[in-house]
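Heads up, the thing below is written out as structure tokens.
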There are 2 protein chains.
Amino acid sequence: MTTEIQPSPRRATSADVARKAGFSRSTVSQILNGEDARFPAATRDKVMAAAAALDYRPSRAGRALVTGLSDIVVVVVPNATYGPHLQDSVDRVTNASATAGMSVVVRFAAPDDEGTLLSMLDLRPAAVVDMGVFTQAQRARLTAAGTRVVPNRTPLNPGEDLDPVDILIGRLQVAELLRTGVRRLVYAALEDGRLDPFGPPRFEGITREASARGLPTPLSVRVPLEARGALAVLEPLVVDDSPLGVCCYNDDVAIALLSAARTIGLAVPQQLALVGVDRTDVGQLISPRLSTVSIDQPALMDTMMRELAEPRGGRGEPAPSLLQADLAALVQVVRGETS
Amino acid sequence: MTTEIQPSPRRATSADVARKAGFSRSTVSQILNGEDARFPAATRDKVMAAAAALDYRPSRAGRALVTGLSDIVVVVVPNATYGPHLQDSVDRVTNASATAGMSVVVRFAAPDDEGTLLSMLDLRPAAVVDMGVFTQAQRARLTAAGTRVVPNRTPLNPGEDLDPVDILIGRLQVAELLRTGVRRLVYAALEDGRLDPFGPPRFEGITREASARGLPTPLSVRVPLEARGALAVLEPLVVDDSPLGVCCYNDDVAIALLSAARTIGLAVPQQLALVGVDRTDVGQLISPRLSTVSIDQPALMDTMMRELAEPRGGRGEPAPSLLQADLAALVQVVRGETS
DNA sequence: ACGTGTCAGTAACACGTGACAGCTACGGTA
DNA sequence: TACCGTAGCTGTCACGTGTTACTGACACGT
């Protein structure tokens, strides 16, 4: 360590503020932390002015040390192929947390990865926004460690780990396909080295809706995102003339199948109907325009953030946060020309 | 199950390790921090065993408080439309940092945003991986605060803030277009509310290559990602029969222009040649297949990580990290049928 | 004058760590 | 025996914060 850089402009501490304001450090601390009712306005103003003049911001390390919690909000994103709306979502969290003086950071994680959980426990963030990584049990461990976890999804059946949003997506896809007279259904997941946390709940939704309409459990296939591979998956599915309906994991998968259908001369949507997820821009630029399920991620995030802003000691019921009624507004079918 | 977890499963501290090993806390601290040469093997082993048995991991807060630096590595990503390879890139950073016991987090930021910089200074991360957010001056402030910044891009001309990677991308696009006999060039940026940090260096690369080939500075337009808007941008560009070549900001922009070209019956690539960036899967699935510049993000990241792993007191020259020779292997044209 | 209550503010502690000076015992040397 | 160097380890400080128990002063009622 030869290059010991000194020009680091030492940050003002609460002691500096206290000295400048002419009070003790504890007084400063209490006033800055909202216990200002105890002190007269004159004192309060002096302290605030001194803090502002020195551009005082409390040291995260010091605060974390004494409270046991950092002021970091971690957004945990599954390391699957996430839709294109990630940045919009994170923006919402960032804005919502900025008012509370929290820093937002994103962490990609393999689903159900224990290492990720340990890392979270280690970091002791003030809150974790879980975009589909942890199981209920893992969430409980975080909560036990004093970390707030959103969304606080209350599963329909206890112990069930299926996200109601994804279930609804599956149901909507099936409903849209059946609208056109399709009688055979297939679920097309993404062929990818990484795991897919959204697959199971979506497939569950597809199965439920199919069952409700008197159809058997659909077949599930995995589609790679290149022409030859997609073709190899699609071809064996075409066994007779009955129109086939495919619920695709996302718009990219739908486009891959669309490309394959064109190669073997399959008419879309007459012989093959497709529904994607995410309403990507490209999906609306190609022809035929893609039918897809659009998710209002920013609004969904805002809902979560409202939950985050709730007072800590959440007495009574913890506000089910995502009512079915809300969901219908946030998840909608965009009808293109492929279904 | 109802795992009755204690409200706070207090993490083992170095004092616990010391008690268990039968030595003082300072001994533990020194041994665990690599000063083990001073101690006999027997002592060292006992301490290590105790630490392992208690699953001791030092408190980030405590360490940060005394060292003044946290052990967080922040990847700062511009809040522009980033390519689809973000997660792969971040994975590389995560793996590289895991060995050093660091946590990686991602932060989206508006380009040149002062608030983001303040947040960084506040967080005092051990290192910042800058994916194109900060200016040279801002990087210098981070360095002065003791934070390591990678990549340590040494600009060709002092004070120049243009990323050589993006410049190369622009040159390659022009070279590919000119190969087909195009004589008129246009740069198509993305019409988006967010700023675009990659635009200027790419346009610079395009301009330089055009100039080197005896062409004037190309026109620059902004393309929205929907059919009507793209059409409105493309139409006025078609003034005569001379073939038009468009360097697109990314594959999505290229697809939008492709769609517009089809609408007005423009032959691709005879009348309109396109080159995208990012080699998205969808770009290779549509027809005609997209010509595009592929960037080996993971490899690029590995290069940066090697820089991160370098010893702190970087004596001598700071290793220019990105030689032109390396670049040629990392950034390559993928020829489709649109150019 | 005395006890009581309130207000305004403070001293002291705890959090967990790294750095460094210093202590003890022991063996060697004068 | 007296002195000294050193290996091996420990004591203590500092980092910046939030919290709690406490103090001094003053007002009030008896």
Side-chain angles (χ1 to χ4, degrees), chain A residues 1 4 8 10-47 50-51 54-72 101 121-124 126 145-146 312, chain B residues 8-47 50-51 54-72 101 122-124 126 145-146 312:
Chain A
M1 308 281 185
E4 273 308 315
S8 130
R10 201 179 61 81
R11 176 135 249 126
T13 75
S14 68
D16 297 327
V17 176
R19 211 170 304 122
K20 176 156 187 132
F23 293 103
S24 81
R25 210 184 50 74
S26 5
T27 301
V28 169
S29 173
Q30 290 181 76
I31 288 183
L32 261 38
N33 287 323
E35 298 297 322
D36 45 1
R38 293 186 48 192
F39 298 91
T43 306
R44 205 177 57 89
D45 292 346
K46 270 188 206 159
V47 168
L54 294 173
D55 185 32
Y56 169 71
R57 274 176 305 168
S59 143
R60 299 177 127 84
R63 173 175 276 168
L65 189 57
V66 66
T67 61
L69 284 182
S70 71
D71 53 357
I72 294 180
L121 287 171
D122 203 21
L123 202 54
R124 285 195 173 259
R312 185 92 193 191
Chain B
S8 103
R10 201 179 61 81
R11 173 136 252 126
T13 74
S14 67
D16 297 326
V17 176
R19 210 170 303 122
K20 176 152 186 135
F23 294 101
S24 80
R25 209 185 52 73
S26 347
T27 302
V28 169
S29 173
Q30 292 180 78
I31 288 183
L32 261 38
N33 287 323
E35 298 297 324
D36 45 1
R38 297 182 44 193
F39 296 92
T43 305
R44 205 177 57 87
D45 291 347
K46 270 190 206 158
V47 169
L54 292 175
D55 185 30
Y56 169 71
R57 274 176 304 170
S59 142
R60 301 177 122 84
R63 172 175 274 168
L65 189 56
V66 67
T67 61
L69 282 183
S70 72
D71 53 356
I72 293 179
D122 203 20
L123 200 54
R124 285 195 173 258
R312 186 89 190 195

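Keep in mind it's a predicted model, so treat the numbers as computed, not measured. Reckoned from all heavy atoms, side chains included, excluding hydrogens, waters and symmetry mates. By convention in this document, chain letters (A, B, ...) are assigned in the order of the sequence lines, proteins followed by strands, and residues within each chain are numbered from 1.
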The side-chain contact (heavy atoms from CB on, under 4.5 Å) partners of A:Lys46 (sequence neighbours excluded) come to A:Phe23
Below 3.5 Å between N/O atoms, which protein atoms pair up with nucleotides 24-27 of chain D? Just atom names and distances, please.
none

Rounded distance (nearest 0.5 Å) linking atom OG of B:Ser14 with atom CZ of B:Arg19: 9.5 Å
Rounded to whole Å, how long is the line connecting atom CG of B:Leu54 with atom P of C:dG16? 14 Å
Under the rule for side chain to side chain donor-acceptor pair (under 3.5 Å), what residues qualify as partners of B:Arg63, not counting sequence neighbours? none
What's the verdict on side-chain contact (heavy atoms from CB on, under 4.5 Å) for A:Tyr56 and A:Leu32, showing C-alpha distance, side-chain angles and the deciding distance? CA-CA 10 Å; A:Tyr56 169 71; A:Leu32 261 38; 3.5 Å; yes
Minimum heavy-atom distance between A:Ile31 and A:Val47, given as atom pair plus value: CD1-CG2, 3.8 Å
Atom pair distance, as rounded to whole Å: CZ in B:Phe39 and C1' in D:dA7: 10 Å
Between the protein and nucleotides 16-19 of chain D, list every N/O to N/O distance that falls short of 3.5 Å.
unit_1 : atom_1 : unit_2  : atom_2 : d
D:dG16 : N2     : A:Gly62 : O      : 3.4
D:dT17 : OP1    : A:Tyr56 : OH     : 2.6
D:dT17 : OP1    : A:Ser59 : N      : 3.1
D:dT17 : OP2    : A:Ser14 : N      : 2.6
D:dT17 : OP2    : A:Ser14 : OG     : 3.0
D:dT17 : O4     : A:Arg25 : NH2    : 3.3
D:dG18 : OP1    : A:Asn33 : OD1    : 3.3
D:dG18 : OP1    : A:Asn33 : ND2    : 3.4
D:dG18 : OP1    : A:Arg63 : NE     : 3.0
D:dG18 : OP1    : A:Arg63 : NH2    : 2.8
D:dG18 : OP2    : A:Ser29 : OG     : 3.2
D:dG18 : OP2    : A:Asn33 : ND2    : 3.3
D:dG18 : O6     : A:Arg25 : NH2    : 2.6

Could you tell me how far apart B:Arg19 (CZ) and C:dG16 (P) are, to the nearest whole angstrom? 11 Å
Tell me every residue that passes side-chain contact (heavy atoms from CB on, under 4.5 Å) with A:Thr13, counting only those two or more places apart in sequence or in another chain. A:Arg10, A:Ala15, A:Asp16
Shortest non-hydrogen contact between A:Val17 and A:Ala51, atoms and distance: CG1-N, 3.8 Å
Name all residues meeting the salt bridge (Lys or Arg N to Asp or Glu O under 4.0 Å) criterion together with B:Arg25; count only those two or more places apart in sequence or in a different chain, and write none if there are none. none
